[in-house]
Amino acid sequence: MANTPQHDQRLRDLLAVAGRRQPGSQAAFAELYQSTSSKLFGVALRILRRSDWAEEVLQECYVSIWNHSANYQAGLSAPMTWMTSIVRNRCLDWLRRPNFEDPTDDDRVFDAVESAEPGPLVLLERSTEAGAIARCLQTLEEKQRQAISVAFFEGLTHAELAEKLGQPLGTVKTWVRRGLIRLKDCLGVAGIAGA
Amino acid sequence: MKYGDKPELIERLSAEYVLGTLNGGARRRFAAWLINDAALRRTVAEWEARLNPMAVAVAAVPPPRRIWDRVAAAIAPHPAASAMHARFWDSLAFWRSFGLAASGVAAVLAVFIGLRPPQIVERVQIVERPVEKPMRVSDGANPWQPSYVATLKDRDGKTMLMLYVGRNSDELWVKYEGDSMPKDASLELWGLDSAGQPKSLGLIKKNGSDTMKLPAMADASVASFKKMAVSMEPMGGSQTGTPTGPVMYQGDCYTFW
């Protein structure tokens, strides 16, 4: 998926047409799906670690995107940011629901697959598309950067993050909090326009 | 909890809500605050704009096509049509159930013969199973080239694509009625044989009338098609030889002579 201004504008247009519920709205939405679903499925898969869950969430999210396409405000967030937020929120709600069964066994399968490819933080650092956020992550201390990126990409709670990094909970919370403050200082609110 | 007078706490919780590190209970409590607090929603949106572009670094994974089928079913205006659509490629029964209405055939014929005298149209008999029992001109005179015709409709039953080719020609005439062409995707035309096996005929290149070169003369290519369909594919078309994206339009293929 190219994250160019042209692509961005195309997604805005497609959302606008979909939101009008006119002839052509479904075709516009189909194109929106075609050009964004692989990325969003990747996001959901990485957080949920189970393809059946990721499928269910992705399906719900696209129906939700369709239902809310008329409410999408182009001035407030870039279309891909808006859709990513819907998917990430749904994934996180899914993992944080009460009485949730921990997918520990599935983790191992997934971890084995993941180890063969470069992690997203590496890809993010190489990426020319992530722009400001990739640049600002570089200004963080290594442990802050690692804590924030692992939490973001894998959808971990503070406690899960502490366990994964083998550090006390309070320490990890501090890394995350300070890292986020530094990111905000670096990005400001300009992140909205450039997202 | 009174949180309105604690801006630093609000900022931190908003950031951690977006990052995803709040545990279940904290996440749900924060989400409950969001419902009635526009300022808080704005703070969250700012954090989403800051952090969520990181997702660009996640490797894309094409989702199985059944997801689109389910989404399409959920957003379709006509529930009955969408239920059929969900099984689109999987079910031959679906193909059979989607026979073109006689009135639809007549309407298409009117388009194809264009300026011909109307009395000729009236002499056309509509036959329900056109491939096996092709339409014939009743008086024995044959005003038209022997040909294959298909009209492809969207889920709402609106005719979006008309196709015509002479039997001894490899030049397929295409008229696409879409409002515009997709910019980040391609529309790919498929012919389907009686087993439902798709064969690519190439990409729809523009709105309005156009021609496409068939891989062989129509009698050796289009002759085997029972149906034709258009799917939305990645730029340049499907790389797999079969449709990978959502099916946009489809319809029966008819033989005339």
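Computed from a predicted structure; not experimentally measured. Throughout, a chain's letter reflects where its sequence line sits, starting with A, and its residues are numbered from 1.
- Heavy atoms of A:N67 lying under 4.5 Å from chain B are absent altogether.
- Remark: A:E141 engages A:R182 in a salt bridge, criterion side-chain N to carboxylate O under 4.0 Å.
- Counting only N and O atoms by type, the side chains of B:Q250 and B:W190 include no donor and acceptor under 3.5 Å apart.
- Proximity to chain B is limited to the side chain of A:F153, based on heavy atoms less than 4.5 angstrom apart.
- For the set A:G24, A:G42, A:A28, the entry with the most heavy-atom pairs within less than 4.5 Å of chain B is A:G42.
- Atom CG of A:L180 sits about 4.0 Å away from atom CD1 of A:I148, to the nearest 0.5 Å.
- In this structure, the portions of A:V43 lying under 4.5 Å from any heavy atom of chain B include both its backbone and its side chain.
- Salt bridge B:D37/B:R41: absent, no basic N to carboxylate O contact under 4.0 Å.
- In this structure, A:Q9 places its CD atom where more than 12 heavy-atom neighbours from other residues, nucleotides or ligands lie under 6.0 Å away.
- For a residue to count as touching a neighbouring chain, one of its non-hydrogen atoms must lie under 4.5 Å from one of that chain's; by this rule A:Q34 touches chain B with the side chain only.
- Looking at A:A159, there are no atoms closer than 4.5 Å to chain B (heavy atoms on both sides), in backbone or side chain.
- Remark: A:E160 does not engage A:K164 in a salt bridge, criterion side-chain N to carboxylate O under 4.0 Å.
- Residues of residues 199-207 of chain B never come within less than 4.5 angstrom of chain A, heavy atom to heavy atom.
- Top candidate by heavy-atom pairs under 4.5 Å with chain A, chosen from B:A55, B:S180, B:G178, is B:A55.
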Legend entry - Evaluation steps, side chain to side chain contact (heavy atoms under 4.5 Å, CB included), between A:T36 and A:I65: CA-CA 12 Å; A:T36 57; A:I65 289 165; over 6 Å; no
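- Using a 4.5 Å cut-off between heavy atoms, A:S25 does not touch chain B at all.
- In terms of heavy-atom pairs under 4.5 angstrom with chain A, the leader among B:P182, B:A185, B:G25 is B:P182.
- In this structure, chain B has a heavy atom under 4.5 Å from the side chain of A:L137, while its backbone stays farther away.
- Atom CG of residue B:L40 and atom CD1 of residue B:I10 lie 5.5 Å apart, to the nearest 0.5 angstrom.
- Using a cutoff of 4.0 Å between basic side-chain nitrogens and carboxylate oxygens, B:E16 and A:R177 are not scored as salt-bridged.
- Under the 3.5 Å distance criterion, with hydrogens and angles disregarded, no donor-acceptor pair is assigned to the side chains of B:N23 and A:T157.
- Proximity to chain B (any heavy atom under 4.5 Å) is shown, for A:D13, by neither the backbone nor the side chain.
- Using a 4.0 Å cut-off between charged nitrogen and carboxylate oxygen, A:E55 and B:R66 count as a salt-bridge pair.
- In summary, A:E31 and A:R10 engage in a salt bridge, as defined by a charged side-chain N under 4.0 Å from a carboxylate O.
- The choice from B:E11, B:R12, B:K158, B:R28 that makes the most heavy-atom pairs within less than 4.5 Å of chain A is B:R28.
- For B:V18, the part sitting under 4.5 Å from any heavy atom of chain A is the backbone (N, CA, C, O) and nothing else.
- Annotation: the span from A:L92 atom CG to A:L48 atom CG amounts to 8.5 Å, rounded to 0.5 Å.
- The cationic atom of B:R50 (NZ for Lys, CZ for Arg) lies less than 6.0 Å from the six-membered ring centre of B:W47 and within 45° of the ring axis.
- Using a 4.5 Å cut-off between heavy atoms, A:L156 touches chain B through its backbone atoms (N, CA, C, O) alone.
- Interface remark: B:E233 contributes backbone atoms only to the contact with chain A (heavy atom separation under 4.5 Å).
- Interface check for chain B: of the options A:F29, A:W82, A:Y62, the most heavy-atom pairs under 4.5 Å are formed by A:F29.
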